[in-house]
There are 2 protein chains.
Amino acid sequence: MLNGRTPSVKDVAAAAGVSLGTVSNVMNRPEVVSARTRERVERAMSELGFVRNESARQLRAGTSRTLAYVMLDGTNPFFHDVAQGIELAAEDADLSLFICNSNSRATREEVHLDRLLQQRVQGILITPVDPAAPHLDELTRRGVPMVIVDRVRNADSCCSVSVDDVLGGRIGVEHLAELGHERVAFVGGPDSLGQVRERLQGAREVWESLGHDPDNLIYLPTEALTVAEGRSAGERLAGLPARRRPTAAFCANDLLALGLLQQSIGAGLRVPDDLAIVGFDDIEFAAAAAVPLTSVRQPRQELGRAAAQLVLDEATNPNHNHQQLQFQPELVARASTVRRARSL
Amino acid sequence: MLNGRTPSVKDVAAAAGVSLGTVSNVMNRPEVVSARTRERVERAMSELGFVRNESARQLRAGTSRTLAYVMLDGTNPFFHDVAQGIELAAEDADLSLFICNSNSRATREEVHLDRLLQQRVQGILITPVDPAAPHLDELTRRGVPMVIVDRVRNADSCCSVSVDDVLGGRIGVEHLAELGHERVAFVGGPDSLGQVRERLQGAREVWESLGHDPDNLIYLPTEALTVAEGRSAGERLAGLPARRRPTAAFCANDLLALGLLQQSIGAGLRVPDDLAIVGFDDIEFAAAAAVPLTSVRQPRQELGRAAAQLVLDEATNPNHNHQQLQFQPELVARASTVRRARSL
DNA sequence: TTGTAAGCGTTATCAC
DNA sequence: GTGATAACGCTTACAA
């Protein structure tokens with residue numbers, strides 16, 4: 001195998017007794033080369049174990065075959081589902097995918113973006129720590145196709161894909177109201193997160209529109225959207241005087257809901273009898289909880305898939321227009337709110 | 001900004017009024033260039049928004065700055081924790097990381113490996129669908145540094161990082177035996193998975209060594225290591241005649257345990273009073289379950305980190321020797337086996 | 001249909 | 001300390 005060196009087109013050409021350009025043609029425009037030569041070249045390739053050098057290809061062609069997704073929080077399965085959707089779309093387009101994780105840290109996000117810029121990726125999908133961060137503008141200024149995933153950014157500066165969080169908030173609380181709950185907690189935070197604010201807004205809107213007293217929608221703020229914060233919210237909830245204690249909780253995401261569920265059951269509450277719980281996202285583990293969790297479902301994979309398609313359009317279509325895609329969330333009712341769980 | 005084109009070293013050189021080689025020196029051996037010129041060059045770089053083209057660098061340098069991890073199952077958080085460990089190590093070494101997901105499909109694994117070969121990644125970490133697959137030999141034959149993660153391969157053909165699964169099996173069942181359980185179920189499968197076999201083996205060894213009747217260690221095979229299969233095992237378990245019904249179950253991973261927990265609680269069993277449950281892996285969601293799950297902990301991030309270090313050694317150290325690293329699992333006791341849960 | 005040659009952006013080797 | 005120059009492996013005009 002050529003004394004260690006990995007074979008190049010030149011080696012293939014020599015082995016097949018053709019010129020280097022012909023080998024390239026076999027790879028890139030096979031229709032232009034005669035069946036016989038093509039066959040010879042292909043045999044030489046497999047005999048030598050030729051593998052095209054993507055860096056060289058990219059350098060010359062000026063275009064990379066790689067997409068990237070910078071996810072916000074690797075400990076939340078939600079983002080992996082989004083990533084999975086992106087990967088499927090990338091696969092369809094015969095593209096590779098870099099997956100990075102900013103872990104909610106702006107500095108790590110910047111490091112990743114910088115690296116991706118160096119790699120000259122074709123497009124970047126990102127769930128940013130802060131949608132208003134200036135280093136995102138930097139990308140657009142550089143002309144790198146970018147799509148914001150599960151967040152929105154000041155309109156038409158770039159594409160984004162998200163779900164209607166206000167609607168999601170409405171759906172969740174409406175469900176609880178329909179079940180007859182008169183005092184409901186909204187668990188979520190920090191309210192620097194636009195999504196939390198919007199879900200809360202939707203929750204309040206529908207609560208009041210149904211004629212309930214605003215004071216009976218109790219806001220339990222959390223410091224993050226994590227299981228631990230869900231537990232802590234549960235403790236605060238248990239500490240409320242009985243007269244003010246909600247009979248149901250709507251959580252801004254499933255991790256919170258899972259934590260709340262755990263704390264509540266540990267404290268001897270029955271779910272949903274003593275406390276009904278609704279989550280948000282509908283991650284796999286929501287359905288797998290001891291008491292399967294009712295949740296406002298986001299089309300996670302679809303989000304990713306759509307984002308990938310948008311970024312590809314921006315990368316390849318000269319007439320591309322930025323668009324703000326918005327999906328509709330939907331309720332998935334399970335045992336954490338309704339006594340007779342539907343079968344899984 | 002140079003009429004659209006992204007600036008190259010040449011442009012920077014022109015702007016700074018130096019030669020192209022000097023610019024390169026500023027980036028790669030700054031000590032060799034005078035403070036004044038360096039400053040001039042650096043200003044030119046930032047004014048032009050220069051970003052080094054990694055493809056060109058890689059082509060010329062002959063070495064890429066990228067690692068890759070091909071994970072087995074994106075729906076299992078275990079692998080994401082491993083990936084996280086790898087990413088941290090990669091970050092330390094200033095390397096990028098490709099994360100791919102074979103989804104337990106050999107064909108997808110091959111597609112990914114092929115792409116990674118084209119990218120000339122510096123090393124590949126992989127949890128293979130089948131550790132004996134010939135396309136893995138192919139990689140070693142090509143001289144691509146490779147480390148098997150959480151599996152083992154026929155000894156010294158390559159490095160691997162794993163945990164002692166036999167010991168893990170022993171630990172889990174020993175814990176249950178110590179708690180006084182006399183009939184224990186082992187839930188896991190398919191037994192084509194070496195890990196399942198080894199965990200079962202460890203379980204049997206310790207069970208018998210403690211003087212228990214082998215018949216009282218009941219093997220409940222599953223078709224996969226998933227939540228759904230855990231539920232199904234729970235149903236089978238409930239169907240056993242009371243005299244033969246185990247009072248505890250040891251599951252080959254946490255997803256199974258979570259499924260079993262859900263099914264059991266849904267059926268009105270109390271955990272751990274009626275059924276104690278032990279999982280394996282200690283994923284985050286084990287601790288977050290309604291009844292926090294006792295689990296045999298694998299050092300997930302450490303696994304990834306160590307694997308990355310091995311692959312880097314293979315890539316850079318000419319005296320590299322393949323090694324089979326094995327970590328020790330440890331028990332994390334929680335409420336699913338012991339009545340008074342320790343605080344989290 | 002095939003071959004030749006220029007050039008992508010970088011790094012490294014050599015003179016100066 | 002700095003500046004030409006060749007080379008990395010590939011694609012793509014263009015010439016034969």
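Note on naming: letters A, B, ... go to the chains in the order of the sequence lines (proteins, then strands), and numbering restarts at 1 for each one.
A close approach under 4.0 Å does not occur between any side-chain nitrogen or oxygen of B/S8 and OP1 or OP2 of C/dG9. For the OP1/OP2 pair of D/dC10 and a distance below 4.0 Å, the side-chain nitrogens and oxygens of A/S55 include no atom meeting the criterion. Taking side-chain N and O atoms only, B/S34 has no distance below 4.0 Å to OP1 or OP2 of D/dG1. Under 4.0 angstrom from either OP1 or OP2 of C/dG3 there lies at least one side-chain N or O belonging to A/T22.
Taking atom CG of residue A/N28 and atom C1' of nucleotide D/dG9, one finds them 13 Å apart after rounding to whole Å. The distance from atom CE of B/M27 to atom C1' of D/dT2 is 15 Å, rounded to the nearest whole Å. One atom, CZ of B/R52, and another, P of C/dG9, lie 15 Å apart when rounded to the nearest Å. Spacing between atom CZ of A/R29 and atom P of D/dA13 amounts to 7 Å, rounded to whole angstrom units. Rounded to whole angstrom, the span from the CG atom of B/L20 across to the P atom of C/dT13 amounts to 16 Å. Remark: C1' of C/dG9 and CD of A/Q118 are 13 Å apart, rounded to the nearest angstrom. If you take CD of A/Q58 and P of C/dT10, they are 12 Å apart, rounded to a whole angstrom. Atom CG of A/N25 is separated from atom P of D/dA13 by 11 Å (rounded to the nearest Å).
Taking only distance into account, the side chain of B/R60 meets the base of C/dT11 through a donor-acceptor pair shorter than 3.5 Å.
Of the two residues contacting DNA chain C, namely B/N53 and A/T37, the nearest-nucleotide position lying further toward the 5' end is that of A/T37. Looking at which nucleotide of DNA chain C each of B/L59 and B/G21 is closest to, the 5′-most match is held by B/L59.
Taking a cutoff of 4.0 Å between a charged side-chain nitrogen and a carboxylate oxygen, B/R38 and B/E31 do not qualify as a salt bridge. Salt bridge A/R105/A/D73: absent, no basic N to carboxylate O contact under 4.0 Å. Under a 4.0 Å N-O distance rule, the pair B/R305/B/D92 qualifies as a salt bridge.
Among the atoms of the strands shown, base atoms are found under 4.0 Å from some heavy atom of B/V9. Using a 4.0 Å heavy-atom distance criterion, A/S24 is classed as a base contact. In this structure, A/R36 reaches neither bases nor backbone, as no heavy-atom distance under 4.0 Å exists between it and the strands shown.
Residues B/F98 and A/F98 place their aromatic rings such that the two centres sit under 6.0 Å apart.
Side-chain contact, A/D150 with A/Q195: a donor N or O sits under 3.5 Å from an acceptor N or O.
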